[in-house]
Each structure stands twice: as structure tokens, then as C-alpha cells.
Amino acid sequence: MDPKEVEIPGNSDPNQPGGRISHLALDIGGSLIKLVYFSTNYDVDDEVGRSGKKSFGVSNGNRDHPVLKGRLYFVKFETSKINDCLEFIQNKQLHLGGYRHLEAPPIDKTIIKATGGGAYKYADLFKEKLGISLDKEDEMDCLVGGVNFLLKAVHQEAFTYMDGQKEFVQIDHNDLYPYLLVNIGSGVSMLKVDGDGKFERVSGTNVGGGTFWGLGRLLTNCKNFDELLELSHRGNNRVIDMLVGDIYGGTDYSKIGLSSTTIASSFGKAISDNKELQDYRPEDLARSLLRMISNNIGQISYLNALQFGLKRIFFGGFFIRGHTYTMDTISVAVHFWSKGEAKAMFLRHEGFLGALGAFRSYDKHGADDSLVHQLMQPFPTTSCLAGDKICSPPNGELNENESIECSVYAS
Ligand SMILES: Nc1ncnc2c1ncn2[C@@H]1O[C@H](COP(=O)(O)OP(=O)(O)O)[C@@H](O)[C@H]1O
Ligand SMILES: CC(C)(COP(=O)(O)O)[C@@H](O)C(=O)NCCC(=O)O
């Protein structure tokens, strides 16, 4: 679209007196809807401007646009509760934070960047309820755009997690590529990333976050995802998993490198226990399930990394949920299979990769390729909690409760 045909408007944020929302982007997935929006209390920033003028004085290369200083907010809703999400957008007037196609008919005038399958599935609903059109961005493009942005712009975004130890990873911008991105959403996509916008989806698996949540619900009668995670935290998988030691009379199978405590067969004890489902504790079922799925994803990820000679694997998607046991299991699987050669890394904004990528794509309407110009350390905030009906994760790693201080260009 010709940049001259669009304008990115600001609008008032009722929760922040004097605030302006200038961009909203959506990622509507199989399980969750993720929103990223930018809000500012300031008008045009005159501190950054080189010319010292109050507005339109900021220059970055060939660019001559106003700079808005403010925060990026992250919010999510369950896709099955899409009406709550529409209400949240309506109440906060976020839907005005897109761009406008000046020559389009009224119904198609306001356009919001959106990615994920729901951008197709729910396009008519957004038009009907909010009077906006969704400008669809490819999900894989957005995932990669989101990760690259986070890794380059946000301090302490990536970290390793093993044996209870979390360590932030210093990202060398000149030595970032190639890497494997494993996005664990409802299903799992694996992408080999070679640069900004340079990637290939090399694999995927249908055994992902939706499988854990779906099977977990059936097995435990849990009512929400965090309850299932919480249960898994307290469970013991050995009650139901068949270990090497169970098969080998308590000893290791050292000839092929298997210790007696290695899981030989997930849920394998259920074959011979002569028990019904209700005889198992939901905690133990949840633990076995989480371990089975995390192990499997860790192993497939490693095999893909091996095939393409990649040493670094970044894991994203809301399945991880900052949950220590999940990260530990994935890390151990990658470490075990790669004999310590490959490294699993996790991201603080794990679930918002696609939404951030969609947010960045507004910049296609601008003059150069960096919509978000300047980022600082993320700060915890409570202001995006208002409309979010989803509980906090059990370990207190609040990805959706954070905002990032930043500046954006408005055209
Ligand atoms: N509050 C929640 N409700 C449902 N699923 C959740 C929740 N938090 C985390 N999850 C997990 O995250 C997965 C969805 O991850 P996400 O990256 O948002 O993928 P998608 O784009 O497919 O919705 C779910 O399948 C589930 O395993
Ligand atoms: C179809 C999807 C890209 C949709 O993304 P999601 O909503 O799960 O984040 C994803 O579910 C996926 O990659 N599934 C695995 C399909 C496969 O390769 O077998």
C-alpha cells in the first residue's frame, strides 16, 4: 500500500489520562489471542529530536516522522472467549490504533494488523463488532520478526534454564544467526532462521500445547491451564511412567547409556497396574503428560538442530508459560540428546512473538525498517491486567503483566 494512502492515528486511552494509543496488533491463535499495543502519555517527543523543535524534528537516516514515547503493552485472552477480547478492545478504544485507508469505503477504513489463523477465521466478526478490517500478516513471518526484534532490542530477553538455575544470555548481534526457533503454541512449528526475514519452516509437530491442555483436561478434569500446570508441579511421574529400572530390575542399561531412572515408556505403568483412571492422582497424570510432551518436543527440536547444524535453539509460545519444570525438561532433553552440544534458550515474551511481529509490520507503511526505535529494560506494570481474565503463571514470571518502555514513529 502506498504510504501516502494511510495515516496512523492516535486516540485517547481512557485508563491513562492524556494517553494516546497509536498502534494495536493481534495474534489470534488456536488457543489464545495475543494483543500488543502502544500507548503514550506524551505527545510528540521533543527530547529525542535533533532539531530541537517540538514535533516532527526527529530524524533517523532519511526519516522525518514524529516520535512517540510510551510503552508497549501485552495482553492475552483465550480464543474461546473472543467476546471478552472484543469488549476489552472496545472499552479501551484500541481498535482506533491501526491505520486508515483514506480512500476505502467507511467499513474498510480502519485497519488493524493481525496474524494467526484467527485473523482469517474471525475477520468478519471484527468487522461486524468493531467496524475494523484485519490486515493479515503471515504467522511465520511474524514469529521470526518478533523474535529478532526481541533478541536485538530487549535487554535480558533470552535465558537458559537448567537444574533450577536461570541465566540470562548475552546476545551478540553480529553472531545471532543461524538459530532454530521452536514455537510451541497449540501445535509446534520449527523454523531455521538465517537473518531478518530470512527463514525456512523446517518442521513441526501436532503434539504441542493444545495436546497438553486438551489431554490434560480430559485426564484431570482441570478447569484452567494454570491449574493443570500447578498440578503437574506437585505430581510424581514415576507413579505412571515406566522407567528403564522398572524393566531392568532396578539397574541401569548402561551399555546404551540409559540410567535406571530414564523414562522408558511414558504412561507405561498403566498397562499392568490394573488401575482405572480415577485410581491415579491428577497431579501424577499431569506431571507425566507434561514430561512426555516436553521431552518429545525437546527431542524433535534437537534432531532438527542436528540436521541443520544449529547450536542454538530458542523456544517460544505460550505452552512454556515461564514454567520451570517445562523449561527444565526441555533443556534436559536437548542437553541429553545433543550430548551437551546444543543449548535450549527461552524468551521472556515467549507468547507474544507473533503479535510483536505483526506490530512491527506497521512499519511497512513507513520509510525505513525500524518502527520501534529505542527500547529499554522492561518494567513490571499492572495497567494491562484490567481486561485480562487469565490468571498469572504459577512461578510469578509475568510475561503478560509487563510493558516495555519504547518509542515509535508515527507517520
Ligand atoms: N491461560 C491459558 N489458556 C489456555 N492455554 C494456555 C494458557 N496459558 C498457556 N496456555 C498454553 O499455551 C498454548 C497456546 O500457546 P500460543 O503460543 O498462544 O499458541 P496459539 O497461537 O496456538 O494460541 C495452549 O495450547 C496451552 O498449552
Ligand atoms: C498450524 C499452526 C502453524 C498454527 O499455529 P498455532 O495456532 O498452533 O500457534 C501450528 O499449529 C503448527 O505448526 N502445527 C503443527 C503442524 C505440523 O507440522 O504437523
Side-chain angles (χ1 to χ4, degrees), residues 25-36 74-82 84-85 114-122 136-144 146-147 180-191 199-220 222-232 286 289-290 292-294 296-297 300-301 303-304 314-323 325-327 330 346-347 349-358 385 388-395 397-401:
L26 305 168
D27 174 5
I28 312 175
S31 307
L32 299 170
I33 304 176
K34 282 74 62 177
L35 273 68
V36 172
F74 302 88
V75 188
K76 69 177 162 54
F77 293 86
E78 289 173 29
T79 308
S80 59
K81 296 178 185 159
I82 191 162
D84 290 355
C85 173
T115 190
Y120 295 83
K121 188 172 171 183
Y122 298 110
K136 301 167 193 72
E137 290 289 330
D138 177 74
E139 187 174 344
M140 302 295 132
D141 284 336
C142 288
L143 285 174
V144 173
V147 186
L180 187 73
L181 169 64
V182 179
N183 191 64
I184 317 176
S186 306
V188 186
S189 282
M190 299 180 185
L191 302 103
F199 67 89
E200 185 190 350
R201 184 182 185 276
V202 291
S203 194
T205 162
N206 53 347
V207 180
T211 320
F212 174 63
W213 179 208
L215 259 182
R217 248 188 82 202
L218 292 176
L219 290 172
T220 66
C222 267
K223 294 292 172 255
N224 69 55
F225 184 82
D226 290 330
E227 196 184 321
L228 182 63
L229 273 189
E230 174 58 28
L231 272 183
S232 75
L289 186 62
L290 182 64
M292 177 177 91
I293 288 170
S294 305
N296 197 52
I297 294 171
I300 298 173
S301 303
L303 289 173
N304 277 285
F314 291 100
F315 289 88
F318 257 121
F319 166 71
I320 297 167
R321 201 82 172 88
H323 192 246
Y325 190 66
T326 308
M327 294 190 291
I330 291 175
F346 304 93
L347 301 161
H349 295 86
E350 58 192 11
F352 290 98
L353 309 181
L356 269 169
L385 271 178
D388 193 348
K389 307 285 189 291
I390 296 167
C391 318
S392 311
N395 68 348
E397 293 284 341
L398 302 177
N399 298 296
E400 75 271 31
N401 287 354

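Just so you know, these numbers come straight off a predicted model, no measurement behind them. When a ligand or atom number is given, it counts from 1 through the structure's own listing order. Side-chain atoms are counted along with the backbone in the values below, which use heavy atoms only and exclude waters and symmetry mates.
Below 3.5 Å of separation, one finds an N or O of S31 facing an N or O of ligand 1. By the 3.5 Å distance cut-off applied to N or O atoms, G317 is not counted among the residues near ligand 1. Annotation: G30 places an N or O atom under 3.5 Å from an N or O atom of ligand 1; distance criterion only. Of the N or O atoms in S186, one or more lie within a sub-3.5 Å distance of an N or O in ligand 2.
The parts of F318 lying near ligand 1 are both backbone and side chain, judged by heavy-atom distances below 4.0 Å.
Remark: minimum distance from atom 4 (C) of ligand 2 to any protein heavy atom is reached at E139 OE2, 3.6 Å. Annotation: atom 15 (C) of ligand 2 to nearest protein heavy atom, T205 O, 3.4 Å.
Set against the non-hydrogen atoms of R201, the atoms of ligand 2 under 4.0 Å away are 12 (C), 13 (O), 15 (C), 16 (C), 17 (C), 18 (O). In the vicinity of M140, heavy-atom distances shorter than 4.0 Å reach the ligand 2 atoms 3 (C). Residue G187 approaches ligand 2 through these ligand atoms, each under 4.0 Å from one of its heavy atoms: 8 (O), 11 (O), 14 (N). Those atoms of ligand 2 with a heavy atom of G30 less than 4.0 angstrom away are 7 (O).
For S189, the side-chain contact (heavy atoms from CB on, under 4.5 Å) partners two or more places apart in sequence, or in a different chain, are M140, L191, R201.
Here the CD1-CZ distance, from I330 to F319, works out to 6.0 Å after rounding to the nearest 0.5 Å.
Using a 4.0 Å cutoff on heavy atoms, K34 counts as a contact of ligand 1. Using a 4.0 Å heavy-atom cutoff, W213 is listed among the residues neighbouring ligand 1. Residue-ligand proximity: G116 is placed with every non-hydrogen atom at 4.0 Å or more from ligand 1.
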